[in-house]
Amino acid sequence: MAYQSEAALEQQFIEQLNKQEYSTVDIPDYDALVENFKVQFEAFNAPKLDTPITDKEWERIFNLMLGKSVFQSAKILRDKFVLEREDGTKVYLSFFDQDHTKNIFQVTHQTTVVGKYVNRYDVTILVNGLPLVQIELKKRGVELKQAYNQVQRYHKTSFHGLFDYIQIFVISNGVNTRYFANNPN
């Protein structure tokens with residue numbers, strides 16, 4: 001088994017996703033994640049919108065999303081959201097489409113989030129701007145338990161806001177890979 005650093009494994013994984021038409025986006029911190037979500041959400045729902053979402057409308061959308069449990073977040077992903085526009089009209093918006101050809105897929109890496117500690121997430125897969133899959137990588141030879149423990153620490157110290165929408169965690173050392181649902185218990 002040849003030596004492969006965590007950075008090399010991360011880059012190789014991102015290149016594979018790029019070949020599958022995931023676009024790479026630079027999201028250095030939580031504020032950039034929120035801004036990207038806003039842009040992607042509007043792009044995803046563009047066929048339903050006659051005019052761009054206003055700041056007040058966005059505030060209502062974003063407030064709907066915050067402070068939810070993982071299970072409530074999953075329900076929001078499946079449901080339509082009725083947005084009452086400032087002109088009084090109503091539009092049905094979606095966060096996710098079961099027809100995956102309509103979703104916008106992105107990948108980012110090394111996003112830094114400040115919570116109780118400063119954490120940097122290895123790879124995050126975004127669907128329509130929402131972080132839905134979090135991947136924690138370790139170099140070859142490192143036990144998967146270390147990656148698992150790191151994800152558990154993230155649960156306790158920095159997963160908040162849009163990160164409540166993560167549905168699946170993947171841990172890998174380039175040889176062994178495991179995945180598990182986002183269940184903080």
Side-chain angles (χ1 to χ4, degrees), residues 22-109 111-121 123-136 151-170 179-185:
Y22 286 66
S23 61
T24 300
V25 60
D26 182 34
I27 300 185
D29 55 31
Y30 186 76
D31 290 339
L33 178 71
V34 171
E35 187 57 37
N36 181 68
F37 169 60
K38 182 177 180 181
V39 170
Q40 300 310 315
F41 179 77
E42 195 157 4
F44 175 69
N45 284 287
K48 302 171 192 168
L49 297 168
D50 296 332
T51 59
I53 295 172
T54 68
D55 289 342
K56 285 184 180 180
E57 292 167 346
W58 173 248
E59 190 176 323
R60 286 198 305 270
I61 292 167
F62 198 65
N63 284 338
L64 162 83
M65 304 196 66
L66 297 180
K68 305 292 189 257
S69 71
V70 172
F71 302 105
Q72 292 167 325
S73 299
K75 183 175 180 339
I76 287 173
L77 286 175
R78 291 188 309 269
D79 291 344
K80 300 262 188 230
F81 172 66
V82 181
L83 174 65
E84 186 170 337
R85 306 295 311 256
E86 286 187 35
D87 64 6
T89 61
K90 293 181 180 178
V91 62
Y92 290 85
L93 303 177
S94 304
F95 295 97
F96 183 77
D97 197 305
Q98 297 297 326
D99 177 358
H100 300 296
T101 62
K102 296 179 182 177
N103 293 312
I104 301 167
F105 294 93
Q106 297 174 303
V107 60
T108 190
H109 62 107
T111 300
T112 300
V113 176
V114 178
K116 186 175 180 181
Y117 301 99
V118 175
N119 293 309
R120 191 172 56 238
Y121 307 148
V123 179
T124 306
I125 294 177
L126 309 165
V127 181
N128 305 326
L130 283 171
L132 297 186
V133 180
Q134 182 68 44
I135 298 104
E136 187 60 39
V151 168
Q152 295 307 314
R153 189 188 73 207
Y154 293 162
H155 266 295
K156 295 175 185 170
T157 63
S158 67
F159 279 148
H160 66 282
L162 294 180
F163 286 104
D164 288 331
Y165 285 83
I166 292 175
Q167 298 297 299
I168 297 174
F169 291 102
V170 178
Y179 65 93
F180 52 96
N182 184 4
N183 181 349
N185 299 324

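Positions are given from 1 along the sequence.
With hydrogens and angles disregarded, a donor-acceptor distance shorter than 3.5 Å links the side chain of N63 to the backbone of E59. Within the 3.5 Å criterion, the main-chain N or O of E84 finds a donor-acceptor partner in the side chain of R60. Judged by distance alone, with hydrogens and angles left aside, the side-chain atoms of Y22 form no donor-acceptor pair with the main-chain N or O of T108 at under 3.5 Å. A side-chain donor-acceptor contact under 3.5 Å links Q134 to the backbone of V123. E42 contributes a side-chain N or O that, together with a main-chain N or O of I53, makes up a donor-acceptor pair within less than 3.5 Å. For Y165 (side chain) and M65 (main-chain N/O), a donor-acceptor pair under 3.5 Å exists by modelled atom type. Counting only distance, with no hydrogens or angles, the side chain of T111 and the backbone of Y121 share no donor-acceptor pair below 3.5 Å. In terms of modelled atom types and a separation under 3.5 Å, the side chain of T89 and the main chain of R85 share no donor-acceptor contact. N182 places no side-chain N or O within 3.5 Å of a backbone atom of F169 that could act as its donor or acceptor partner. Under the 3.5 Å distance criterion, the side-chain polar atoms of N128 are matched with a main-chain donor or acceptor of I104.
Dense packing is recorded around NZ of K48, with more than 12 heavy atoms of other residues, nucleotides or ligands lying under 6.0 Å away. When the shell of 6.0 Å around CZ of F180 is examined, it contains more than 12 heavy atoms from other residues, nucleotides or ligands. More than 12 heavy atoms of other residues, nucleotides or ligands sit less than 6.0 Å from atom CG of D87.
Looking at heavy atoms from C-beta onward, V133 lies out of side-chain contact with Y179 at the 4.5 angstrom threshold.
Separating the CD atom in E136 from the CD atom in Q152 is a distance of 11.5 Å, to the nearest 0.5 Å.
Smallest separation of non-hydrogen atoms from L130 and L77: CD1-CD2, 3.5 Å.
Using bins of under 30°, 30° to 60° and over 60° for the plane-to-plane angle, the ring pair F37/W58 lands in the tilted bin.
Two rings, from F41 and F81, have their centers 6.0 Å or more apart.
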